Amino acid sequence: MFRNQYDTDVTTWSPAGRLFQVEYAMEAVKQGSAAIGLRSKTHVVLACVNKASSELSSHQKKIFKVDDHIGVSIAGLTADGRVLSRYMRNECINYSYTYESPLPVGRLVVQLADKAQVCTQRSWKRPYGVGLLVGGLDESGAHLYYNCPSGNYFEYQAFAIGSRSQAAKTYLERKFEGFTESSRENLIKDALFALRETLQGEKLTSSTCTIAVVGVGEAFHILDQETVQSLINEFEIVGEEPPADEATVPDQGGVAEPGPADQGTPTDQGVTPMDV
Amino acid sequence: MFRNQYDTDVTTWSPAGRLFQVEYAMEAVKQGSAAIGLRSKTHVVLACVNKASSELSSHQKKIFKVDDHIGVSIAGLTADGRVLSRYMRNECINYSYTYESPLPVGRLVVQLADKAQVCTQRSWKRPYGVGLLVGGLDESGAHLYYNCPSGNYFEYQAFAIGSRSQAAKTYLERKFEGFTESSRENLIKDALFALRETLQGEKLTSSTCTIAVVGVGEAFHILDQETVQSLINEFEIVGEEPPADEATVPDQGGVAEPGPADQGTPTDQGVTPMDV
Amino acid sequence: MFRNQYDTDVTTWSPAGRLFQVEYAMEAVKQGSAAIGLRSKTHVVLACVNKASSELSSHQKKIFKVDDHIGVSIAGLTADGRVLSRYMRNECINYSYTYESPLPVGRLVVQLADKAQVCTQRSWKRPYGVGLLVGGLDESGAHLYYNCPSGNYFEYQAFAIGSRSQAAKTYLERKFEGFTESSRENLIKDALFALRETLQGEKLTSSTCTIAVVGVGEAFHILDQETVQSLINEFEIVGEEPPADEATVPDQGGVAEPGPADQGTPTDQGVTPMDV
Amino acid sequence: MFRNQYDTDVTTWSPAGRLFQVEYAMEAVKQGSAAIGLRSKTHVVLACVNKASSELSSHQKKIFKVDDHIGVSIAGLTADGRVLSRYMRNECINYSYTYESPLPVGRLVVQLADKAQVCTQRSWKRPYGVGLLVGGLDESGAHLYYNCPSGNYFEYQAFAIGSRSQAAKTYLERKFEGFTESSRENLIKDALFALRETLQGEKLTSSTCTIAVVGVGEAFHILDQETVQSLINEFEIVGEEPPADEATVPDQGGVAEPGPADQGTPTDQGVTPMDV
Amino acid sequence: MFRNQYDTDVTTWSPAGRLFQVEYAMEAVKQGSAAIGLRSKTHVVLACVNKASSELSSHQKKIFKVDDHIGVSIAGLTADGRVLSRYMRNECINYSYTYESPLPVGRLVVQLADKAQVCTQRSWKRPYGVGLLVGGLDESGAHLYYNCPSGNYFEYQAFAIGSRSQAAKTYLERKFEGFTESSRENLIKDALFALRETLQGEKLTSSTCTIAVVGVGEAFHILDQETVQSLINEFEIVGEEPPADEATVPDQGGVAEPGPADQGTPTDQGVTPMDV
Amino acid sequence: MFRNQYDTDVTTWSPAGRLFQVEYAMEAVKQGSAAIGLRSKTHVVLACVNKASSELSSHQKKIFKVDDHIGVSIAGLTADGRVLSRYMRNECINYSYTYESPLPVGRLVVQLADKAQVCTQRSWKRPYGVGLLVGGLDESGAHLYYNCPSGNYFEYQAFAIGSRSQAAKTYLERKFEGFTESSRENLIKDALFALRETLQGEKLTSSTCTIAVVGVGEAFHILDQETVQSLINEFEIVGEEPPADEATVPDQGGVAEPGPADQGTPTDQGVTPMDV
Amino acid sequence: MFRNQYDTDVTTWSPAGRLFQVEYAMEAVKQGSAAIGLRSKTHVVLACVNKASSELSSHQKKIFKVDDHIGVSIAGLTADGRVLSRYMRNECINYSYTYESPLPVGRLVVQLADKAQVCTQRSWKRPYGVGLLVGGLDESGAHLYYNCPSGNYFEYQAFAIGSRSQAAKTYLERKFEGFTESSRENLIKDALFALRETLQGEKLTSSTCTIAVVGVGEAFHILDQETVQSLINEFEIVGEEPPADEATVPDQGGVAEPGPADQGTPTDQGVTPMDV
């Protein structure tokens with residue numbers, strides 16, 4: 001087989017000026033279950049698909065509260081995401097202890113990105129394998145950022161990451177112009193509709209998703225299951241088979257292994273995958 | 001032979017965004033003898049199969065008391081498991097010394113998971129090769145967690161790990177809806193029945209299994225052999241040949257070596273295997 | 001395939017006395033979107049193309065204020081660029097705290113270059129993958145420098161880096177003799193015209209570019225979008241298909257992957273590339 | 001030749017979840033001369049075969065006193081064993097200095113096992129190549145443990161390790177049920193008979209074996225040669241050719257090199273082997 | 001292709017007792033633009049070819065003042081050269097602070113050489129890729145040294161390094177016997193003539209070269225462009241096509257890549273080469 | 001050629017549980033010139049063959065005084081041996097300074113062995129390539145130990161190591177039973193006869209051997225050349241061609257390179273070999 | 001090509017117990033220009049061939065004064081030699097500062113050898129590539145030592161190292177018996193004659209060699225060129241073509257590259273070789 005000699009060490013550049021190991025870590029984000037963020041002028045809604053590794057288990061937590069004014073939704077390696085959100089929590093605590101005011105969202109996002117960058121420039125580490133949608137509210141308003149394994153971050157009006165996120169992005173792109181002025185309820189509604197797009201016909205229920213909100217006068221919190229279910233019912237959101245050409249194909253790109261490069265690996269993905 | 005260039009270093013990502021070394025460490029869990037956990041509202045029962053490496057030896061200890069309110073049952077590399085349970089014990093002691101209250105189960109589980117995550121991001125370490133079922137009781141009730149070599153953890157109503165655990169999981173999935181309201185005795189009974197499923201027709205006796213309980217008003221403790229035997233007798237649990245298609249096939253997947261990849265290794269598994 | 005044994009470690013010389021890993025890092029600069037700098041006797045103008053990774057996101061920040069008298073525009077790995085501009089900011093703060101005067105531009109540029117050189121001489125690091133156009137004003141006048149991943153720096157009258165920068169350089173070479181005496185407005189105008197050259201027929205609007213100015217009596221600042229748009233309108237800068245032989249060919253050299261050397265990499269460049 | 005890419009680094013997992021380097025270190029134990037341990041309620045007897053590298057030398061010491069209540073018999077890399085018994089000795093001294101009571105045997109065994117585990121999780125170390133039979137007496141009675149290079153330990157009624165130990169294990173398995181109530185003399189007698197089984201027809205004399213005892217009212221000590229010889233005479237233990245099918249075959253597995261994997265190595269085992 | 005297994009690590013000796021990595025670093029010197037030094041009893045003249053990476057940039061500085069009595073001209077990796085001249089500057093400052101007298105040239109050269117030697121004996125570093133012509137005046141007279149990447153240094157009457165330096169060396173060898181007694185003006189004249197030899201027919205102008213002088217009663221300084229141009233005019237130095245057999249052939253050896261060993265590297269040398 | 005993947009790193013186990021790098025280091029001992037030790041109840045005699053690398057040089061020192069009561073004779077890498085005997089000397093000085101009594105021989109030998117063991121368990125070191133015959137006298141009598149690169153040590157009545165030592169060992173085995181009661185003079189005589197056996201017909205003279213003695217009432221010292229020559233004359237020891245089948249064949253095993261494994265190495269052993 | 005897997009790391013033993021990297025470093029000594037030492041009872045003379053890398057340069061210094069009573073002449077990597085002689089100088093200064101007496105020659109030589117040995121036992125270093133002839137005078141008389149890259153040292157009556165040294169050694173072996181009683185002048189004369197032997201017909205002049213003397217009542221110093229020339233004239237030493245079979249053949253062994261193993265290396269040995 002062709003052997004790429006530039007893609008096993010994070011500190012090795014390819015002849016075309018690429019860092020393959022960083023790009024591969026970005027692939028890990030695509031393998032996690034979908035996470036979605038939307039932002040109006042006053043609110044940020046984070047949402048994610050819950051996937052339990054078996055009937056017997058609860059789903060893995062994918063949305064974390066960082067502080068009263070900040071939360072995060074992750075896709076990719078859950079363990080990496082958990083470690084990073086704990087880092088964010090500590091930064092918030094230290095800041096508010098020192099300055100007696102909440103840490104601005106943009107500042108936290110930069111610190112998080114710098115922490116990720118370091119892991120792309122040391123031969124004995126690896127880039128984090130997780131993408132983080134950071135939603136928060138500060139003096140400059142509501143913010144939604146996406147922090148990437150490469151150490152980059154981007155500000156978004158709305159964004160979706162993870163497995164089958166392309167369908168959700170398509171939905172969000174059709175709608176995002178109204179988000180700035182959207183009400184809290186409409187924002188949640190759009191989050192639920194976007195989430196449904198990633199389910200490929202599975203039914204959206206309060207147990208298969210988590211919704212969190214932060215906004216003016218409303219500290220970051222995860223909505224309880226009843227609230228979510230009643231919203232689903234209210235919005236009459238039901239899963240329906242999406243047109244094959246739109247949803248299936250991007251989906252393939254997101255979750256299917258590219259075959260030969262990874263063949264022969266024994267993981268039984270149905271049991272306890274690393275990144276559900 | 002095909003050579004996978006991405007699966008020998010824990011800090012190397014595959015092109016599809018996977019960490020093979022972490023996945024391989026998860027295979028080590030499947031090679032250990034089975035461990036089972038069940039939880040009602042008030043009790044957690046941990047159980048495991050005892051496998052002595054010879055007639056002359058006692059079986060290796062696979063269930064450890066961590067604190068009065070927490071215990072752990074392991075499958076995989078016993079040495080790794082022992083080191084991790086000592087870590088848990090120290091954390092509990094330090095916490096109760098500082099705060100004069102027992103360490104919440106969920107908090108301990110996160111610390112344990114973070115410790116495992118570090119081993120997946122340093123080139124000179126290796127991921128732990130052990131899965132831990134952590135059972136405990138705290139102010140928020142009874143809890144059962146599974147901590148995985150990847151640094152992930154999952155909350156479960158009931159779970160089984162290790163060799164031939166698929167049969168036990170099938171049993172637990174059929175029954176788990178009643179567990180929440182189950183009595184202590186019924187929980188133990190179901191633990192014993194689930195354990196029997198992993199034995200492939202071997203007789204379940206008090207010497208081939210260990211049962212531990214923690215619950216309201218009952219500190220974590222391992223049941224003595226007489227108690228276990230009388231329960232087995234009471235429940236009339238006897239081994240019987242399970243249907244070939246249900247038990248044998250998952251079993252193969254769990255314990256059989258995938259042949260060519262590992263051929264030529266000289267370990268005599270009957271003597272002192274690393275993970276019995 | 002032919003295997004170059006000298007191009008995977010930054011501390012390995014080739015038989016001809018080259019450091020391939022440093023040269024490869026310089027390729028990363030060419031993959032970033034274009035950045036441009038121009039200097040008159042009294043002003044420096046920095047400009048860059050904004051490329052949002054999707055409709056939903058804002059573009060990534062590519063021009064950073066370092067101090068009142070210094071700013072930087074980057075092309076290449078944005079995360080590396082951000083980390084380096086934070087370093088520059090700290091150096092400026094420390095200097096002015098100690099000496100109560102602004103850090104001379106040339107001195108900062110040397111410190112930055114030395115920091116980059118270190119990364120070309122340690123086996124466990126990698127060269128930075130970012131080029132920086134540093135513009136500033138100090139007692140010796142207006143300065144424009146280009147800092148390269150190799151640890152080299154160059155003083156320029158005007159320069160363009162990044163994807164499709166060849167067309168801009170051609171434009172600047174035709175015009176640069178007048179820049180020294182150019183007015184602030186003409187400098188900005190030339191920046192906009194040069195920028196347009198890199199767009200290959202895309203329309204130049206205030207949202208697809210960022211313009212920053214520092215000059216006598218004018219602290220470094222990024223022009224707001226309205227100002228930029230009115231300048232574009234005033235100068236009647238519209239994109240038009242550049243002659244194929246002039247713009248297309250150098251362009252190819254800049255952004256196209258050299259195919260076989262990097263084939264088989266799964267990055268979906270349209271989503272969240274590392275270096276937009 | 002087939003190349004196993006997972007078996008040269010101790011921190012590399014095989015796809016089936018095995019650590020080959022740890023398993024290979026366990027093979028080193030099989031290459032050492034035999035060591036045997038037996039335990040009654042009140043006494044532990046350790047025994048080993050003495051093998052001098054030449055007529056001119058004394059045999060290497062294979063049984064070490066750790067403290068008045070603990071001793072150890074090793075098989076495998078003698079240098080590793082010596083270093084580990086010194087560690088045990090220090091732990092005993094420190095404990096009794098601090099607590100003014102002897103270190104419990106089980107506790108020492110766990111510390112020893114933890115020390116061995118560390119060597120299985122650092123890329124710049126190697127697992128110890130020695131097995132240790134630890135015999136001791138404490139408040140909870142007489143104990144016999146086997147500590148393995150993997151970091152595992154096992155409690156035994158009686159056990160044999162090292163070259164040709166299978167024959168001794170077979171003997172011990174036939175007899176072990178009586179050991180608990182056995183007298184000190186009978187325990188020694190059984191040790192001598194088990195030892196003879198490993199000699200393949202060589203004559204058992206006081207110079208070809210070492211016997212040590214620890215028990216109630218009897219500090220750990222090595223029996224002097226006269227005592228051993230008179231016991232051998234008393235028990236009329238003489239070597240006799242064991243049935244070929246029983247002793248020869250396990251023997252082959254234990255000491256013979258598996259040929260091709262290790263061919264071409266120049267060690268003259270008759271002179272100063274590492275592990276006699 | 002033939003693979004040399006001894007030429008990728010600086011700490012690996014070849015069977016013939018050579019350090020290839022050090023020799024390869026010496027090749028880097030040949031790739032830089034030419035630098036020349038000449039010495040009379042009272043003066044040292046340093047000269048170098050200026051090569052700007054484009055019309056838009058100033059040329060890179062290749063002659064550095066170290067102290068009032070010492071200067072240096074470099075060829076090879078400019079970043080390495082800059083870092084080393086800063087080191088020399090610090091050594092001079094520290095010495096004169098401590099001893100209140102200027103650091104003798106020879107002593108500085110040894111310290112510089114020792115610093116270079118260290119980089120040839122550590123596996124995680126690389127040899128510097130730069131040659132330095134160090135010119136200075138101290139109590140023992142005027143000195144010219146050449147410091148090589150190997151950690152060696154040589155004292156010279158006159159020397160030329162870098163690309164196409166062979167032609168200049170040939171010129172200097174014809175003339176050097178008169179240098180000791182040469183006047184300051186003649187020394188500069190010979191420097192200019194030698195420099196012209198490296199230009200292969202390009203016109204020598206004050207903008208394509210830099211000349212620096214240090215001498216009795218004359219601190220180290222770089223001649224301003226007007227002075228240089230008037231000297232060129234005075235000496236009527238114009239470029240003329242040198243005989244093909246004398247200049248072209250050594251030239252080839254100096255700058256041409258040996259083809260296959262380095263093929264396929266994407267550097268566009270016309271833009272921002274590492275070593276102009 | 002067949003490639004053994006387990007024999008280049010000292011921390012890598014072979015599948016059969018061997019450490020090849022340690023075994024290879026033991027081969028280095030066989031390549032040094034012969035060293036011999038003999039012990040009576042009251043005296044230890046150390047002897048070695050002197051081999052000068054040329055007529056012009058004195059022979060390398062191979063017997064070192066460690067303390068008044070201890071000396072050492074080495075075979076193998078002389079530099080390693082020298083470093084280790086300096087270590088022994090320091091240990092003796094420190095001990096006698098602290099305890100005001102000489103360091104017991106056995107204790108020093110264990111410390112030396114532990115120092116050697118460490119070099120067999122660190123990936124960035126190598127085992128020492130030297131064997132040491134340690135002779136000494138303490139309260140428990142005269143002692144002779146052999147310390148091996150593996151970290152093992154053995155107590156001997158008499159022993160020979162190094163090139164062609166097999167013939168000397170054969171001699172010693174024939175005679176050793178009388179050594180315990182041997183007089184000082186007879187011990188020296190036997191040392192000289194044993195040494196002659198290693199010479200393959202070369203004449204034994206006072207210049208081709210060194211003899212050292214330590215004993216009751218006699219501090220460790222090297223006999224002067226006259227004394228040795230007069231003893232040789234007195235004992236009428238002359239070299240004579242040993243029977244071809246006895247001496248030649250073991251000899252081959254000791255000094256001959258195994259051909260293909262080491263072919264192509266350029267060392268001219270006649271000049272300054274590492275281990276004469 | 002045949003690949004020797006044991007000869008690229010200094011810490012790897014070959015199956016026959018050799019350290020190839022150390023042997024290869026010893027080859028570097030043979031590539032340096034010749035150095036010679038001779039010793040009488042009262043004087044040591046050091047001599048070396050001067051080889052300037054071009055007409056324009058002075059020759060590299062190859063003889064260093066260490067202290068008033070010690071000097072050194074080197075062959076091999078000059079930079080390594082210079083660093084080691086500075087180390088020796090420091091040791092002498094420290095010793096005489098502490099003890100108010102000169103450091104004995106033998107003691108310095110051991111320290112130097114130990115420093116060299118360390119470089120043969122650390123994976124991240126390399127053995128020094130230089131041989132040192134250390135000549136000195138202390139209370140025990142005049143001494144001449146040869147320190148080798150292996151960490152060994154040898155005392156010599158007279159010795160020659162470096163390129164074409166075999167012819168000089170042959171000369172010295174014919175004459176050395178008279179050296180002990182030789183006068184200072186005769187010693188120098190023999191040094192010059194031996195030196196001439198290495199020149200292969202080149203004329204010996206005061207500019208092609210350096211002579212240094214240390215002796216009773218005469219501090220170590222390098223003879224000035226006039227003195228050397230007058231001695232050459234006095235002794236009528238002229239180069240003459242040595243018999244082809246005696247000088248040419250050993251010569252080949254010393255300087256010729258073994259062809260294929262090192263082919264394709266681009267060093268132009270005529271310019272600035274590492275080891276002239």
Side-chain angles (χ1 to χ4, degrees), chain A residues 2-20 22-24 26-27 29-30 38 110 113-114 116-118 120-124 131 144-146 148-161 165-166 169 172-173 176-177 179 250 253-254 258 260-261, chain C residues 1 3-5 7-10 20-32 52-61 76-80 82-83 86 119 122-129 149 255-269 271-276:
Chain A
F2 168 74
R3 184 170 146 88
N4 181 340
Q5 66 177 311
Y6 309 105
D7 73 346
T8 50
D9 291 301
V10 72
T11 54
T12 299
W13 289 97
S14 86
R18 294 166 64 181
L19 293 173
F20 283 117
V22 176
E23 297 181 8
Y24 294 175
M26 288 159 73
E27 288 298 303
V29 179
K30 295 191 191 153
L38 301 87
V110 171
D114 286 356
Q117 190 272 345
V118 168
T120 71
Q121 210 182 11
R122 297 293 179 277
S123 61
W124 43 276
L144 176 68
Y145 291 95
Y146 171 54
C148 171
S150 64
N152 280 347
Y153 65 91
F154 307 84
E155 183 149 25
Y156 279 97
Q157 187 69 44
F159 200 46
I161 57 175
S165 58
Q166 189 52 53
K169 271 189 282 196
L172 295 170
E173 278 161 6
F176 84 97
E177 287 176 358
F179 289 167
Chain C
M1 204 192 75
R3 184 169 147 88
N4 181 340
Q5 66 177 311
D7 73 345
T8 50
D9 291 300
V10 72
F20 283 117
Q21 273 294 303
V22 175
E23 297 181 8
Y24 294 175
M26 287 158 73
E27 287 300 303
V29 179
K30 295 192 192 153
Q31 294 200 22
S53 56
S54 89
E55 268 186 281
L56 298 164
S57 76
S58 67
H59 59 86
Q60 251 198 323
K61 215 177 148 185
L77 235 56
T78 319
D80 283 15
R82 192 188 62 240
V83 166
R86 195 190 47 197
C119 292
R122 297 291 179 278
S123 62
W124 43 276
K125 288 206 165 183
R126 61 164 172 79
Y128 286 104
V255 301
E257 286 298 308
D262 281 329
Q263 78 190 8
T265 55
T267 313
D268 177 356
Q269 295 207 334
V271 187
T272 52
M274 292 164 60
D275 48 21
V276 169

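Residue numbers begin at 1 in each chain, while the letters A, B, ... track the order of the sequences. Given the structure is predicted, the values throughout are model-derived calculations rather than measurements.
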Considering residues at least two apart in sequence or located in another chain, which fulfil the side-chain hydrogen bond (donor to acceptor under 3.5 Å, both in side chains) criterion with C:Arg86?
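Partners of C:Arg86 under the side-chain hydrogen bond (donor to acceptor under 3.5 Å, both in side chains) test: A:Asp114.
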Donor-acceptor check, side chain of C:Arg82 to backbone of A:Gly151, threshold 3.5 angstrom: yes or no?
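Confirmed, C:Arg82 side chain pairs with A:Gly151 backbone.
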On a heavy-atom basis, which atom in [X] and which in [Y] lie closest, and how many Å separate them?
| X | Y | value |
| --- | --- | --- |
| A:Gln121 | C:Cys119 | NE2-SG, 3.8 Å |
| A:Gln5 | C:Asn4 | OE1-O, 3.3 Å |
| A:Ser150 | C:Ala79 | O-CB, 3.5 Å |
| A:Gly17 | C:Ala28 | O-CB, 3.3 Å |
| A:Glu173 | C:Leu56 | CG-CG, 3.8 Å |

Region of A:Phe179 in contact with chain C, defined by heavy-atom distances below 4.5 Å:
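The answer is neither part of A:Phe179.
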By a 4.5 Å heavy-atom criterion (distance strictly below it), what part of A:Val118 contacts chain C: side chain, backbone, both, or neither?
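For A:Val118, there is no contact with chain C at all, as no heavy atom is under 4.5 Å.
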Residues C:Leu77, A:Thr120; criterion side chain to side chain contact (heavy atoms under 4.5 Å, CB included); working and verdict:
CA-CA 11 Å; C:Leu77 235 56; A:Thr120 71; 5.6 Å; no
Point-to-point distance, once rounded to the nearest 0.5 Å, from [atom1] of [X] to [atom2] of [Y]:
| X | Y | atom1 | atom2 | value |
| --- | --- | --- | --- | --- |
| A:Tyr153 | C:Ser57 | OH | OG | 12.5 Å |
| C:His59 | A:Glu155 | NE2 | CD | 10.0 Å |
| C:Glu55 | A:Glu177 | CD | CD | 7.0 Å |

In terms of heavy-atom proximity below 4.5 Å to chain A, should C:Pro127 be classed as side chain, backbone, both, or neither?
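For C:Pro127, heavy atoms of backbone and side chain both lie under 4.5 Å from chain A.
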Identified side chain to side chain contact (heavy atoms under 4.5 Å, CB included) counterpart of C:Thr8 within the set A:Thr12, A:Asp9, A:Thr11:
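The single option meeting the side chain to side chain contact (heavy atoms under 4.5 Å, CB included) with C:Thr8 is A:Thr12.
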Yes or no on side chain to side chain contact (heavy atoms under 4.5 Å, CB included) for A:Trp13 and C:Glu27, after CA distance, side-chain angles and deciding distance?
CA-CA 9 Å; A:Trp13 289 97; C:Glu27 287 300 303; over 6 Å; no
